[in-house]
S.K.: 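Quick one: the structure is below, and I'll ask about it shortly.
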Amino acid sequence: MKIKKSLLHQTFAKLSQIKVLVIGDLILDEYLIGSVERISPEAPVPVVWVRSEKQTLGGSGNVVQNLSSIGVRGIVFGRIGEDKAGENLESILLSYSVAKEDLALLKSKQIPTILKTRIIASHQQVCRVDREEIVPLTNEEEKQILERLKDKIKEASAVILSDYDKGYLTPSLIQSVISLCNAENKIVTVDPQVSHFFLYKNIHIMTPNHHEAGKALGKKLSSDSEIELACREISERITPDAMMITRGEKGMSIYERTSNRFYHIPTVAKEVFDVTGAGDTVITTYTAFVASGMSIGEAALVSNVSAGIVVGKLGAATVTQSEIEEALRTLGYLEESK
């Protein structure tokens, strides 16, 4: 499969004209970066001398970050706490081309903003510290979200459900959101959690990795034939337009249910440095490019190439349009226009 250069540039032009609505679990990622020169006298653990620190968007926030990186505006639905971490997370969202009126943040006095702190020394993660309380939304909170969603969904070209199983995407909210999207004829794509796996019915595509899909089905998925059977079995239960299973070093497989067609796309990663956020990049680029006119197969190819780029970077990284075009050209996937 190849993508025509003219089509790629037409799609790039459309990206700035669309909005993608992201709904899911917002997380603030914090990085403390330094070096280790000695072992603590208090316990046999390394002492990390912190030289820099940064905070970035994690969870569904990384989807927003990826959208911004390729020139797509986001509409954001999620929950934060009324705390400093929540203020920081909201500020970062606004810095990624999200307009104030496109932030639909449920602010909780009881539930803190999810904060994950990674301590890095000499490019190696020493440990991670998580601060979170996983509490499902109340019925009243779900009603508030759906009322706001009925207004904002009209502005969106597509909707991404980014499920990290942190309490925001409850079973009832998932079903209500999908029903509303279908009624408004909006594309719905899902980065799933195993606990909710078969609730995402009548969507455009779901993008689990092979571990998640295997766990949901109670079997190990390795070969192409096993993956194909899994795609068919899952599709029979949730009736999506397509199924995508990402497969690590084996790339990804896509089943187009409507045409009964499979695509097995090999990995393009030259060196895997950090897989954090790769799944977010896959669903973001796929959704944006499909919403901008590419076919399922073409958008899947772009998303695979994009994932290959981000795993060579540290942390929950993103890609740009120029990086995507260069990678497609280098890998021989770009067909020069006649």
S.K.: Identify which one of Leu331, Val282, Ile265 satisfies the side-chain contact (heavy atoms from CB on, under 4.5 Å) criterion when paired with Asn304.
M.R.: Ile265

S.K.: Any non-hydrogen side-chain atom of Leu328 less than 4.5 Å from a side-chain atom of Lys2?
M.R.: no

S.K.: Answer whether the closest heavy-atom distance between the side chains of Leu89 and Leu105 falls below 4.5 Å.
M.R.: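 They are not in side-chain contact.
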
S.K.: If you measure from the Lys or Arg side-chain nitrogens to the Asp or Glu carboxylate oxygens, is any gap between Glu155 and Arg73 under 4.0 Å?
M.R.: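 Looking at Arg73 together with Glu155, the answer is no, because their closest N to O distance does not fall below 4.0 Å.
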
S.K.: What's the spacing between Glu82 CD and Ser108 OG if we round to 0.5 Å?
M.R.: 7.5 Å

S.K.: Do Lys186 and Ile153 come close enough that some side-chain heavy atom pair is under 4.5 Å?
M.R.: yes

S.K.: Walk me through whether Ile283 and Ser162 qualify under side chain to side chain contact (heavy atoms under 4.5 Å, CB included).
M.R.: CA-CA 9 Å; Ile283 196 167; Ser162 180; over 6 Å; no

S.K.: Would a distance-only check, ignoring hydrogens and angles, find a side-chain to backbone donor-acceptor pair under 3.5 Å from Asp83 to Thr113?
M.R.: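 Present.
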
S.K.: Could you tell me which non-hydrogen atom of Cys181 sits nearest to which non-hydrogen atom of Val159, and how far apart they are?
M.R.: SG-CG2, 3.7 Å

S.K.: Using modelled atom types only, decide if a donor and an acceptor are shared between the side chain of Asn202 and the backbone of Ser179 within a distance under 3.5 Å.
M.R.: no

S.K.: Measure from the side-chain N and O atoms of Thr11 to the backbone N and O of Leu7, and report whether any donor-acceptor pair falls under 3.5 Å.
M.R.: yes

S.K.: Using side chain to side chain donor-acceptor pair (under 3.5 Å), reason through Ser60 and Asp25 one step at a time and then give a plain yes or no.
M.R.: CA-CA 5 Å; Ser60 61; Asp25 300 293; over 6 Å; no

S.K.: Hey, is CD on Gln144 packed in by over 12 heavy atoms from elsewhere, all under 6.0 Å?
M.R.: yes

S.K.: Take Asn62 and Gln65 through the test side chain to side chain donor-acceptor pair (under 3.5 Å) and record every step on the way to the result.
M.R.: CA-CA 5 Å; Asn62 189 42; Gln65 196 165 255; 3.0 Å; yes

S.K.: Apart from Val48 itself, what residues make up its hydrophobic cluster, given side-chain heavy atom links below 4.5 Å?
M.R.: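 The other cluster members (ILVMFWY side chains, heavy atoms under 4.5 Å, direct or chained) are Leu32, Val36, Val50, Ile119, Val126.
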
S.K.: Can you see which heavy atom on Lys152 is nearest to which on Glu101, and at what distance?
M.R.: NZ-O, 3.3 Å

S.K.: Within this structure, what is the CZ-CD distance for the pair Arg118 and Glu30, rounded to the nearest 0.5 Å?
M.R.: 10.5 Å

S.K.: Any chain of hydrophobic side-chain contacts (each under 4.5 Å) joining Val188 to Val76?
M.R.: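 No, no single cluster joins them.
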
S.K.: Is the count of non-hydrogen atoms from other residues, nucleotides or ligands lying under 6.0 Å from Glu42 atom CD greater than 12?
M.R.: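 Atom CD in Glu42 is not crowded, with 12 or fewer foreign heavy atoms closer than 6.0 Å.
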
S.K.: Might you work through the side chain to side chain donor-acceptor pair (under 3.5 Å) test for Ser176 and Glu142, ending with a clear yes or no?
M.R.: CA-CA 9 Å; Ser176 296; Glu142 287 186 25; 5.6 Å; no

S.K.: Please check if Met1 and Ile254 belong to a single hydrophobic cluster, counting links between Ile, Leu, Val, Met, Phe, Trp and Tyr side chain heavy atoms closer than 4.5 Å.
M.R.: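 Linked, Met1 and Ile254 end up in one cluster.
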
S.K.: Distance from Ile114 atom CD1 to Ile27 atom CD1, nearest 0.5 Å?
M.R.: 5.0 Å

S.K.: Any idea which heavy atoms bring Glu212 and Val194 closest together, and the distance?
M.R.: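 What the structure gives for the nearest pair is O-CG2, 3.7 Å.
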
S.K.: Can you tell me how far the OG atom of Ser16 sits from the CD1 atom of Ile70, to the nearest 0.5 Å?
M.R.: 11.0 Å

S.K.: Does a side-chain N-to-carboxylate-O contact under 4.0 Å join Glu90 and Lys100?
M.R.: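 Salt bridge: yes.
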
S.K.: Would you sort out whether Glu326 and Thr330 count as a side chain to side chain donor-acceptor pair (under 3.5 Å), showing the intermediate values?
M.R.: CA-CA 6 Å; Glu326 179 58 31; Thr330 301; 3.1 Å; yes

S.K.: Taking the side chain as C-beta and beyond, is there a heavy-atom pair between Arg131 and Thr117 under 4.5 Å?
M.R.: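 The answer is yes, as the side chains (C-beta and beyond) meet within the 4.5 Å cut-off.
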
S.K.: Run through Thr285, Thr318, Thr281, Thr284 and flag the one making a side-chain hydrogen bond (donor to acceptor under 3.5 Å, both in side chains) with Ser69.
M.R.: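 In the set Thr285, Thr318, Thr281, Thr284, the residue that makes a side-chain hydrogen bond (donor to acceptor under 3.5 Å, both in side chains) with Ser69 is Thr318.
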
S.K.: Same cluster or not: Leu217 versus Ile238, using hydrophobic residues (I, L, V, M, F, W, Y) connected whenever any side-chain heavy atoms lie under 4.5 Å apart?
M.R.: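 Looking at the clustering, Ile238 is in the same group as Leu217.
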
S.K.: I'd like to know if the side chain of Glu226 reaches the main chain of Ser222, judged simply by a donor and an acceptor atom lying under 3.5 Å from each other, with no hydrogens or angles considered.
M.R.: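 Present.
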
S.K.: In the structure I gave you, are the side-chain heavy atoms of Val190 and Phe197 within less than 4.5 Å of one another anywhere?
M.R.: no

S.K.: Ile18, Ile75: one ILVMFWY side-chain cluster at the under-4.5 Å cut-off?
M.R.: no

S.K.: Answer whether the closest heavy-atom distance between the side chains of Ile174 and Tyr200 falls below 4.5 Å.
M.R.: yes

S.K.: Should we count NE2 of His211 as having more than 12 external heavy atoms under 6.0 Å?
M.R.: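 Counting other residues, nucleotides and ligands, NE2 of His211 stays at 12 neighbours or fewer.
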
S.K.: Can you confirm whether Met206 sits close enough to Pro240 that some side-chain heavy atom of one is under 4.5 Å from a side-chain heavy atom of the other?
M.R.: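 Sidechains of Pro240 and Met206: no contact.
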
S.K.: Check whether any side-chain heavy atom of Glu298 lies under 4.5 Å from a side-chain heavy atom of Phe289, and answer yes or no.
M.R.: no

S.K.: Can you confirm whether Lys215 is buried at NZ, in the sense that more than 12 heavy atoms of other residues, nucleotides or ligands lie under 6.0 Å from that atom?
M.R.: no

S.K.: Can a donor-acceptor pair be found, under 3.5 Å and without considering hydrogens, that links the side chain of Asp224 to the backbone of His264?
M.R.: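 No: the side chain of Asp224 does not pair with the backbone of His264.
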
S.K.: Treating Lys14 as the side-chain partner and Ala291 as the backbone partner, does any N or O pair qualify as donor plus acceptor under 3.5 Å?
M.R.: no

S.K.: Please walk me through it: do Ser295 and Glu256 pass side chain to side chain contact (heavy atoms under 4.5 Å, CB included)?
M.R.: CA-CA 10 Å; Ser295 69; Glu256 200 169 335; over 6 Å; no

S.K.: Give me the atom names and distance for the closest heavy-atom approach of Ile309 to Ala327.
M.R.: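 Looking at all heavy atoms of both residues, the closest pair is CD1-CB, 3.9 Å.
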
S.K.: Checking side chain to side chain contact (heavy atoms under 4.5 Å, CB included) for the pair Ile203/Leu161: CA distance, chi angles, key distance, verdict?
M.R.: CA-CA 10 Å; Ile203 58 172; Leu161 301 188; 5.8 Å; no

S.K.: Do Val319 and Leu301 share a hydrophobic cluster (ILVMFWY, side-chain heavy atoms under 4.5 Å, transitive)?
M.R.: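 They do share one cluster, since a chain of ILVMFWY contacts under 4.5 Å joins Val319 to Leu301.
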
S.K.: Could you walk me through whether Tyr96 and Leu67 pass the side chain to side chain contact (heavy atoms under 4.5 Å, CB included) check?
M.R.: CA-CA 9 Å; Tyr96 279 105; Leu67 287 171; over 6 Å; no

S.K.: Atom CG in Leu149, atom CG in Leu180: separation rounded to 0.5 Å?
M.R.: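 With rounding to 0.5 Å, CG (Leu149) is 5.0 Å from CG (Leu180).
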
S.K.: What are the two closest heavy atoms between Gly24 and Leu169, and how far apart are they?
M.R.: CA-CD1, 4.0 Å

S.K.: Of the non-hydrogen atoms in Val72 and Ala288, which two are nearest, and what is the gap between them?
M.R.: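 Val72 and Ala288 have their closest heavy atoms at CG2-CB, 4.1 Å.
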
S.K.: Test salt bridge (charged side-chain N to carboxylate O under 4.0 Å, His left out) on Glu325 and Arg329 and set out the steps.
M.R.: CA-CA 6 Å; Glu325 182 170 359; Arg329 180 181 295 108; 3.1 Å; yes

S.K.: Parallel, tilted or perpendicular: which fits the ring planes of His204 and Tyr286, with parallel below 30° and perpendicular above 60°?
M.R.: parallel

S.K.: Between atom CG of Leu94 and atom CG of Leu103, what is the distance when rounded to the nearest 0.5 Å?
M.R.: 5.0 Å

